[in-house]
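Structure, as structure tokens:
Residue numbering restarts at 1 for every chain, and letters A, B, ... go by the order of the sequence lines.
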Number of protein chains: 2
Amino acid sequence: MLSKKAKYALKALLYLARHQQEGLILISDIAEKERIPRKFLEAILVDLKTNGLLQSVRGKKGGYALVKNPAEVSVGSVIRMIDGPLAPIPCVSHLYYRKCDECIDEATCEIRIVMKKVRDATADILDSTFLSDLDKINTFLEE
Amino acid sequence: MLSKKAKYALKALLYLARHQQEGLILISDIAEKERIPRKFLEAILVDLKTNGLLQSVRGKKGGYALVKNPAEVSVGSVIRMIDGPLAPIPCVSHLYYRKCDECIDEATCEIRIVMKKVRDATADILDSTFLSDLDKINTFLEE
DNA sequence: CTTAATCTCTATAGAAATTATAGACAAATA
DNA sequence: TATTTGTCTATAATTTCTATAGAGATTAAG
């Protein structure tokens, strides 16, 4: 499952992408327009900033803005930042590999193989879909 | 993430599939051989029985056995029984559709579309992989 | 008909993750 | 110096996941 936190992060990023030309955007604007709990959103934005996606300015006239081009930010990378591995079990993750707690022998684990396929299919989709791709969807609808 | 419960369920089913010709199998055998907490496994087996995958006999000489042919039981169906929808967000589930709590407008939700792709890719894999396919993996290795 | 073996049922507890909030603090502008 | 805004630390509330305890029901065997 995609967590609410990750979904909020994507919503916030898409909002910032749509308002890129307007300079700094207030947390409260994003929270209100995207209906995200304000304090929860703060934590998410800090996280995205730490990961180099956003910049911020404090104080009066402050706010947040996207640092990266929406065409460079994949959905997969955002989900990994917030939720961790895309893989359904840790032993098939590329970037966060870990032995499964309950695993007896990884080499003969039947479940592993099918889950690896799921991971790869998921990563193929999410790592090749960018914020700009998502934004286009509604731009297209508006035309 | 695949839950431990679902993983245990698959392990138990595979164990039962491999021992199909031996008649009734004890819970404690499965628990011990697959290193699954005994009491937790009991609950899982009841669940699988309720879902028509297993039959059981109580009392001395009792135990569990597969009812279905391993070639008829898909990995996807087992995961759905235990963990629920394969879809990463409820609004793209086929069998368990539900509006997302935090969704403002499903028709213009950008996230929905990419998550639908993920759901479809996942379902394609898991619904076309059966217990018998998994079993073959190690049979093949043993040859 | 008694005993031992086995699955079943109900309840609950413990642990971890997720979601959310409160409030003091720091920085910038006017 | 007051106001606006992001930052930091702590914690609380909720939910989900994992696991256990123990009494009950059923069957086979002697």
Taking [atom1] from [X] and [atom2] from [N], how many angstroms apart are they, rounded to a whole number?
| X | N | atom1 | atom2 | value |
| --- | --- | --- | --- | --- |
| B:I36 | D:dT18 | CD1 | C1' | 13 Å |
| B:E42 | C:dA11 | CD | P | 17 Å |
| B:K5 | D:dT20 | NZ | C1' | 14 Å |
| B:L24 | D:dT27 | CG | P | 13 Å |
| A:I44 | C:dT18 | CD1 | C1' | 11 Å |
| B:I27 | C:dT8 | CD1 | C1' | 9 Å |
| A:L2 | C:dT19 | CG | C1' | 14 Å |
| A:L45 | D:dT7 | CG | P | 8 Å |

Check this for me, if you would: do [X] and [Y] make a salt bridge, where the nitrogen-to-carboxylate-oxygen distance has to be below 4.0 angstrom?
| X | Y | result |
| --- | --- | --- |
| A:R18 | A:E34 | yes |
| A:E110 | A:K116 | no |
| B:R112 | B:D105 | no |
| A:D124 | A:R119 | no |

Looking for any heavy atom pair under 4.0 Å, which part of the strands does [X] touch: base, sugar-phosphate only, or nothing?
| X | value |
| --- | --- |
| B:I25 | sugar-phosphate |
| A:L26 | sugar-phosphate |
| A:K7 | nothing |

Presence of [X] side-chain N/O under 4.0 Å of [N] phosphate oxygens OP1/OP2:
| X | N | result |
| --- | --- | --- |
| A:K60 | D:dG6 | no |
| B:Y8 | D:dC17 | no |
| B:K61 | C:dC7 | no |
| A:S56 | D:dT7 | yes |

Legend entry - Student check: side-chain heavy atoms of A:P37 and B:E102 closer than 4.5 Å: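 The answer is no; the side chains never approach within 4.5 Å.
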
Legend entry - 4.5 Å side-chain heavy-atom contact, B:L24 and B:Y64: no

Legend entry - Residue whose closest nucleotide on DNA chain D lies nearer the 5' end, B:D83 versus B:L41: B:D83

Legend entry - DNA chain C: 5'-proximal contact among A:V57 and B:G62 (nearest heavy atom):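 Per heavy-atom nearest nucleotide, the more 5' residue is B:G62.
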
Inset, instruction - By nearest nucleotide on DNA chain C, pick out whichever of A:P37 and B:R38 is the more 5' one. - result: B:R38

Can you tell me which nucleotide in [options] comes closest to the side chain of [X]?
| X | options | value |
| --- | --- | --- |
| B:R58 | D:dT7, C:dT29, D:dG24 | D:dG24 |
| B:F40 | C:dT19, D:dT20, C:dT8 | D:dT20 |
| A:K39 | C:dT29, C:dA22, C:dT6 | C:dA22 |

